[in-house]
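Here is the structure we will look at, set down as structure tokens.
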Amino acid sequence: MQPVIEHPWQLTPAEAAVLQNELRQRVERNDRLQAIRHVAGVDVGYEAGGRVTRAAAAVLAYPSLQLVETSVARCPTSFPYVPGLLAFRELPAVLAALARLKITPDLILCDGQGIAHPRRFGLASHLGVLLDVPTIGAAKTRLTGHHDEPPNVKGAWTPLLDDAETIGAVVRTRAGVKPVYVSIGHRVCLKTAIELTLACVTCYRLPETTRHAHHLASAKKDDA
DNA sequence: GCGACAG
DNA sequence: ATCTTGTCGC
């Protein structure tokens with residue numbers, strides 16, 4: 001799969017924030033989905049003390065969640081970690097990994113926020129807009145917003161609020177585990193994002209297989 | 001001015 | 001994120 005929108009990545013943090021404010025208008029917060037046959041999970045890791053960014057993608061058939069394809073790509077790390085600008089550090093490698101897939105997924109789950117972001121344009125929204133594909137933000141920790149702790153029951157969730165605005169949900173994928181921060185990425189409403197996250201992440205199949213793709217990449221010096 | 005801060 | 005020692009809670 002290839003982006004439908006291109007833009008430079010070698011930007012200053014100030015320029016990157018300006019670009020986010022322009023692209024944020026393209027985010028669609030309602031469902032615009034076709035039949036889901038394949039779901040991709042993408043995750044990023046670093047090598048060589050952070051000088052190299054490695055992205056791994058895992059495609060699962062839906063709803064069986066059987067692994068059907070993986071890909072890996074490496075890029076020189078060319079942007080610092082700045083809270084709110086993570087996409088400029090990680091998306092170049094993510095796009096390269098996704099470009100190597102033969103299968104075009106109908107949905108992408110991202111390790112990062114969607115609109116639960118200071119400018120409502122986190123990594124998942126950014127990726128969705130560039131590819132014009134439905135995406136969901138599923139982050140392990142909070143970037144912005146306040147919330148109550150969800151009940152310790154599988155499927156329980158509480159709204160993630162920025163003042164009175166609901167920007168996401170804190171979702172308990174399993175009893176006894178830390179909740180995940182779910183937010184709209186692109187072309188899915190929050191309700192759908194929560195449901196699909198539970199369907200794909202409840203038994204940790206997606207993160208598991210994505211990590212597996214990373215392991216393949218680590219074991220082999222070349223790409224998998 | 002002082003905290004907070006996806007990965 | 002990644003690296004890594006010691007500590008806390010179930």
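Protein chains get the first letters and strands the later ones, always in sequence-line order, with residue 1 at the start of each.
- Atom CG of A:L91 is separated from atom C1' of B:dG7 by 12 Å (rounded to the nearest Å).
- Rounded to whole angstrom, the span from the CG atom of A:L86 across to the P atom of B:dC5 amounts to 15 Å.
- Around the CZ atom of A:R26, the shell of radius 6.0 Å holds no more than 12 heavy atoms that belong to other residues, nucleotides or ligands.
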Give the dot-bracket string for DNA chain C, reading 5' to 3', where a pair is Watson-Crick or G-U wobble with both distances under 3.5 Å, ( ) marks pairs inside the strand, [ ] marks pairs crossing earlier ones, | marks a partner on another strand, and . marks unpaired.
..........
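- Looking at heavy-atom distances under 4.0 Å, A:G84 makes contact with a base.
- With salt bridges taken as basic N to acidic carboxylate O contacts below 4.0 Å, one links A:K140 and A:D111.
- The nearest whole Å value for the distance from the CZ atom in A:R119 to the C1' atom in B:dC5 is 12 Å.
- Contact annotation: A:T53 does not reach the phosphate of C:dA1 (side-chain N/O to OP1 or OP2, under 4.0 Å).
- Closest approach of A:L123 and A:C110 over heavy atoms only: CD2-CB, 3.9 Å.
- For A:Q20 and B:dA6, the CD to P distance is 14 Å, given to the nearest whole Å.
- Comparing C:dT2, B:dA6, B:dA4 by their nearest atom to the side chain of A:Y46 picks out C:dT2.
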Do A:F88 and A:W9 pass the ring-ring contact (aromatic ring centres under 6.0 Å, His included) test, and can you show the C-alpha distance, the side-chain angles, and the key distance before you say yes or no?
CA-CA 6 Å; A:F88 293 88; A:W9 294 100; 5.7 Å; yes
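- Between A:E47 atom CD and C:dC3 atom C1' the separation is 15 Å, expressed in whole Å.
- Taking the six-membered ring for Trp, A:H126 and A:H117 have ring centres at least 6.0 Å apart.
- To the nearest 0.5 Å, atom SG of residue A:C75 and atom CZ of residue A:R54 are 12.5 Å apart.
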Starting from the C-alpha separation in whole Å, work towards a yes-or-no answer on side-chain contact (heavy atoms from CB on, under 4.5 Å) for A:L85 and A:F79.
CA-CA 9 Å; A:L85 301 178; A:F79 200 92; 3.9 Å; yes
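- Once the 5.5 Å centre distance and the 30° plane angle are applied, the aromatic ring of A:Y81 is found stacked with the base of B:dG7.
- Between A:K140 and B:dA6, a side-chain N or O to OP1/OP2 separation shorter than 4.0 Å is absent.
- Atom pair A:K178:NZ and B:dA6:C1' shows a separation of 12 Å (rounding to whole Å applied).
- In this entry the distance linking NE2 of A:H117 with C1' of B:dA6 reads 8 Å, nearest Å.
- Rounded to whole angstrom, the span from the CG atom of A:L123 across to the C1' atom of C:dA1 amounts to 13 Å.
- Under 4.0 angstrom from either OP1 or OP2 of B:dA6 there lies no side-chain N or O belonging to A:R142.
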